[in-house]
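This report concerns only the one structure given below.
Along the sequence shown, residues carry numbers from 1.
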Amino acid sequence: MSPSGDTEALAALKKRIDLGDPEAMFNFACKYDKGTMGLRQDSRRALEIFRNALELGYSDAHWAIGEYYFFGNEVVGGKCLKKAKYHWEQSAMGGHAMSRHNLGVIEALGGNTKKSIRHFKISAEAGFELSMKEMTREFMNGRIGLEEYDSVEQAFDKAQEDLKSEKRDWVNANKYFLPTSGFINNLPDERKRRGL
C-alpha cells in the first residue's frame, strides 16, 4: 500500500476507534505490533490498545496478549506460561481456534497428552490446519484410534469447506491491504462468527 493509502487507511481505522469499535482497536494494535502501515513498531503501545479492545469485550485480544506472555515480550515482563494459558483459555472460550491450538501446545509441553489431544481435536474440528496436523501425528503415534481420527478429519473437512468462498479467498489474498475490518462486517453472519 502506498504512503497515501496508508494514511487514508489509518484515518478510516482511527474513525472506527473513535466510535468505540473494539475490532478496529485490535487491528490498530496489530499494526503497532508489527510496525506496518507507516507506524513505528511499538509493543508497549500495541499491548495498551489490545487491553482497551479487551475491556470492550473483544475476546480475540486475549489471544494477542497470550502471545506476548508465551514468547516473553519484555513489555509484559518476560515469559509466563501461566498468564499465556489464562489469556488463551479466555480467547478459546470465545471460539478462537488458534488459542485452542496454543492451549494444546502448552499441555503437550507439560506432558499432558490427553489434554493436548482434546484441545487439538476441538481446534481441528473448527478447521484449524495446524491442529489437524497434530491430530494426524497423534494418530500415527498410536495415541488416538482410527475411528476418532476419521471423525476429526471429517469435521475438519466440513469446517474447511464451510470456510471457503470467493469472498474469503479474496479477503485472504488482500487482508494486508484492507484499510479496516469493515469489509468483514459485510460478510454473512456465519463467516463473521468464525472470525473470517
TODO: Taking all non-hydrogen atoms of both residues into account, name the closest pair between Met135 and Ala124 and its distance.
DONE: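 For Met135 and Ala124, the tightest heavy-atom pair comes out as CG-CB, 4.2 Å.
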Open item on the list: Restricting to non-hydrogen atoms, name the atom on Ala84 and the atom on Gly66 that form the minimum distance, rounded to 0.1 Å.
Closed with: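 Heavy-atom minimum between the residues: CB-O, 3.4 Å.
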[X] vs [Y] side-chain heavy atoms within contact, under 4.5 Å:
| X | Y | value |
| --- | --- | --- |
| Arg137 | Asn141 | yes |
| Tyr58 | Phe50 | no |
| Ser131 | Phe156 | no |
| Ile49 | Phe26 | no |

Results of side chain to side chain donor-acceptor pair (under 3.5 Å) for [X] - residues two or more places apart only:
| X | answer |
| --- | --- |
| Arg44 | none |
| Gln41 | Ser43 |
| Ser59 | none |

Given the rule that I, L, V, M, F, W and Y join up when any side-chain heavy atoms are under 4.5 Å apart, are [X] and [Y] in one cluster?
| X | Y | value |
| --- | --- | --- |
| Val105 | Phe139 | yes |
| Leu56 | Phe28 | yes |
| Met98 | Tyr86 | no |
| Tyr68 | Met25 | no |
| Leu54 | Tyr32 | no |

TODO: Could you name each residue pair satisfying ring-ring contact (aromatic ring centres under 6.0 Å, His included) that touches residues 94-114, not counting sequence neighbours?
DONE: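 Listed by first then second residue: Trp63-His96, His101-Phe120, His101-Phe128.
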Open item on the list: Do the side chains of Asp18 and Lys14 get close enough for a salt bridge, i.e. N-O under 4.0 angstrom?
Closed with: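 A salt bridge is absent here (no side-chain N lies under 4.0 Å from a carboxylate O).
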Out of curiosity, [X] [atom1] to [Y] [atom2], how far, rounded to the nearest 0.5 Å?
| X | Y | atom1 | atom2 | result |
| --- | --- | --- | --- | --- |
| Ser116 | Glu134 | OG | CD | 8.0 Å |
| Lys121 | Ile117 | NZ | CD1 | 10.0 Å |
| Lys85 | Ile106 | NZ | CD1 | 7.0 Å |
| Asp60 | Asn27 | CG | CG | 9.5 Å |
| Leu10 | Met37 | CG | CE | 4.5 Å |
| Lys158 | Glu125 | NZ | CD | 12.0 Å |

Counterpart residues, salt bridge (Lys or Arg N to Asp or Glu O under 4.0 Å), relative to [X] (two or more places apart):
| X | value |
| --- | --- |
| Glu89 | none |
| Glu48 | Arg45 |
| Glu138 | Arg143 |
| Asp157 | none |

Open item on the list: Run the side-chain hydrogen bond (donor to acceptor under 3.5 Å, both in side chains) test on Asn73 and Glu67 for me, step by step, so that the C-alpha distance in whole Å, both residues' side-chain angles and the decisive distance to 0.1 Å come before the verdict.
Closed with: CA-CA 8 Å; Asn73 191 303; Glu67 294 280 307; over 6 Å; no
Apply side chain to side chain contact (heavy atoms under 4.5 Å, CB included) to [X] and list each qualifying residue two or more places apart in sequence or on a separate chain.
| X | value |
| --- | --- |
| Leu81 | Phe70, Lys79 |
| Lys83 | Tyr69, Cys80 |
| Lys115 | Glu107, Asn112, Arg118 |

Task: Under 3.5 Å donor-acceptor, Ser123 side chain and Ala97 backbone - done: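 Checked: pair present.
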Table please: side-chain donor-acceptor pairs of residues 148-155 below 3.5 Å, with sequence neighbours left out.
unit_1	atom_1	unit_2	atom_2	d
Tyr149	OH	Thr136	OG1	2.9

